[in-house]
Amino acid sequence: MAAPDFLDSADPEIYTLRTRAPGPAGRLPLTAARLRRAPSGEVFGLTQNAGMGWDPRRLLGREFLILSTQGGIRAPDGTPVALGYHTGHWEVGLLMEAAARELAAADAVPFAGYVSDPCDGRTNGTRGMLDSLPYRNDAAMVLRRLIRSLPTARGVLGVATCDKGLPAMMMALAGTPHLPAVLVPGGVTLMAEAAEDLGKVQTLGARFAHGEIDLGYAADMGCRACGSPGGGCQFMGTAATSQVVGEALGLALPHAALSPSGAPVWLDLARRSARALLALERAGRKTADLLTAASLHNALVTHAAFGGSSNLVLHLPAIAHAAGLPRPTAADWARISAQVPRLVDVLPNGPAHYATVQVFLAGGVPEVMLHLRALGLLRLDAPTVTGRTLGENLAWWERSERRARLRAKLRELDRVDPDQVILDPARARAAGMTGTLTFLHGNLAPEGALVKSTAIDPALLDAAGVFRHEGPARVFGSEAEAIAAIKARGPGAIRAGDTLVLLGIGPAIGMPETYQITSALKQLPNGRRVALLTDGRFSGVSTGACIGHLSPEAWAGGPVGRLREGDRIRIEIDTRRLTGSVDVVSVSAAELAARPPSDRLRRHPDLPDDTRLWAALQGASGGSWGGCVYDVDAICARLAGAPAVPPPSSP
């Protein structure tokens, strides 16, 4: 039998080799005192730097670390050598390169490290989604370990874009209080000409199954949805919202979020961020000086004004925990949501559904903050990476050439009035724009639940802005079963008026998001008249009467896990007062409590041990309302007989 051609090579050049080489020319810039006092690792590090080709004469420059979520292998001309998981990390190496060259030009020594990230869109409806939220904690830990593993670093630049990589990066920077740090949001994908956006295109399968589109249309739209090969999705989902929150925290430069990927303004941000990091280091300002209670307040307020993703209810508390600050509670979110008007008209909230790049051109975060400043809702004394306060940054923005020229560019390119994208409070009220997040209670959610109330079809609201739904429960124990019923057209299909219940997908199995279901319901003719209840979470672009985070979750004995097919569910959501309830009304609370768990409650056959460990650790740390973090003190206290390692008195 012939040997496979991969056992050996026919190329004679493979035998051209040697066992020794001259090594780098030059000498390490050592002194006798340094050799006597420095740890061996510091001297060995200089040897490694020279070995990688850095000029030995420049080795004593200040060292800075650039971290990113880069994925894939991109040729110099932009063509793919190996694909990444998504466009959000495909081009960020260009941002790293621009920042590194800026640092080197200032006689600093740049280092780079990478922790790539998954794509929630790619894993929706697959077992890969069981790793999505747990990945965030893992990546944050690895990023922090990389920072600590370069003990000579004088500061950190974090470059990230998408749903889990960007929250992980912010957790890592927040958890590095002893160094200055600057965040570089990786920007957004451009709109594709005459094509669907990246949210709608994820519903092609459901629409095809119901005869809404043909095969040719699906193939065409599926190919063309990405207007550019880099950046986060075109809507205000978790990726875009995380960029907005990072800027609102003061971790990124003004007008950094939502920059159009690949454009000169995008690369310019990386260079200016590197200069900001150098300035912070010279001034002795550390991340602990930047992240404060005022920063968190501004992030909560700005999130509400943008109508951001519900997933930040998981991520912002985790960032606060990493920074050693009190975690925002559900009550904090509810209070801020009730106080702050929504001012941004953007996908998926509407009403006109502008894209994220158009929000950037309209002025982005600082433009929204001008309105929030006028309302007295911001803490203007909050420090930022510019070395100035938020109030000082906004005073600059208001009179800047950048603001005037980019807003004019939106009129020129798209014939869109920037004041229709970012509205003043009076115009927002006239447009019927209401707050985004509503926290619910009831006998199915004794510890609370969450709905993105702006995502409910306005046609389903009464004159007072109240959504009411009462219908039979259709109970499913897996997303695959639920999506099959949605796509079905005969017996067993989901009907208008049903209440789809997806149970057992809470934090105990990794809390996967369910965009496959919510997007399908949005696009199908009667889908808007179906309510969805789950102990899981949703994509930031989800729409409809979709109630998630039902607590306690089914695996923790929550009442949602005792529902049966046909139970009548009543939902009431006041989208103006941002209050509501979710209850089972066909049985009493006592009868519900006496039931055994539903036979639909089944462990996922592919649940990884890694995710089971994540679930146990975050469950001991406050669960989903606490940000699904690892609270080391709480975990140690729960480990019977395990000695707790006392925290250090200072970083």
Please report the interatomic distance [atom1]([X]) to [atom2]([Y]), rounded to the nearest 0.5 Å.
X	Y	atom1	atom2	result
T302	L312	OG1	CG	11.0 Å
N137	W614	CG	CH2	7.0 Å
L502	I517	CG	CD1	5.0 Å
M171	L316	CE	CG	11.5 Å
L601	E553	CG	CD	9.5 Å
E572	H469	CD	NE2	13.0 Å

Side-chain donor/acceptor of [X] to backbone N/O of [Y], under 3.5 Å:
X	Y	answer
D345	A352	yes
T161	G88	yes
R528	D457	no
T329	D332	yes
D567	V587	no
T241	G308	no
Q243	G187	yes
R600	V475	yes
D535	L550	no
N349	G307	yes

Can a side-chain donor-acceptor contact be found between [Y] and [X] if the only test is distance below 3.5 angstrom?
X	Y	result
H86	D117	yes
N124	E513	yes
R537	S132	yes
Y217	E212	no

Worksheet item: For the side-chain hydrogen bond (donor to acceptor under 3.5 Å, both in side chains) test, which of T434, T438, T579, T575 pairs with S453?
Response: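 Filter result, single survivor: T438.
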Looking at every heavy atom in both [X] and [Y], which two are closest together, and how far apart are they?
X	Y	answer
L423	M433	CD2-SD, 3.9 Å
A508	L607	O-CD2, 4.4 Å
G506	P512	O-CD, 4.5 Å
G71	W90	O-CE3, 3.8 Å
R495	G490	NH2-O, 2.9 Å
T499	G471	OG1-O, 3.4 Å

Are any non-hydrogen side-chain atoms of [X] and [Y] less than 4.5 angstrom apart?
X	Y	answer
T356	L347	no
M511	H549	yes
P341	R429	no
D131	T611	yes
C119	C162	no
R564	S598	yes
V530	R474	no
L500	I486	yes

Take atom [atom1] of [X] as the centre, draw a 6.0 Å sphere, and report whether it contains more than 12 heavy atoms from other residues, nucleotides or ligands.
X	atom1	value
R612	CZ	no
F467	CZ	yes
R595	CZ	yes
R602	CZ	yes

Practice prompt. Walk me through it: do S242 and D163 pass the test side chain to side chain contact (heavy atoms under 4.5 Å, CB included)?
Written response: CA-CA 7 Å; S242 296; D163 289 22; over 6 Å; no
Worksheet item: Given V188 and F360, is the side chain to side chain contact (heavy atoms under 4.5 Å, CB included) satisfied, shown in steps?
Response: CA-CA 9 Å; V188 298; F360 175 82; 5.9 Å; no
Practice prompt. Would you sort out whether L450 and F538 count as a side chain to side chain contact (heavy atoms under 4.5 Å, CB included), showing the intermediate values?
Written response: CA-CA 10 Å; L450 176 63; F538 301 120; over 6 Å; no
Discussion item. Going by side-chain contact (heavy atoms from CB on, under 4.5 Å), L190 matches just one of C226, P229, P260. Which one?
Written reply: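 It is P260; the other options fail the test.
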Practice prompt. Fit a plane to each ring of F439 and W625, take the angle between them on a 0 to 90° scale, and name the class: parallel (under 30°), tilted (30 to 60°) or perpendicular (over 60°).
Written response: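 Taking W625 first and then F439, their aromatic rings sit tilted (interplane angle of 30° to 60°).
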Discussion item. Pair F476, I494 - check side chain to side chain contact (heavy atoms under 4.5 Å, CB included), show working.
Written reply: CA-CA 11 Å; F476 300 93; I494 297 294; 3.9 Å; yes
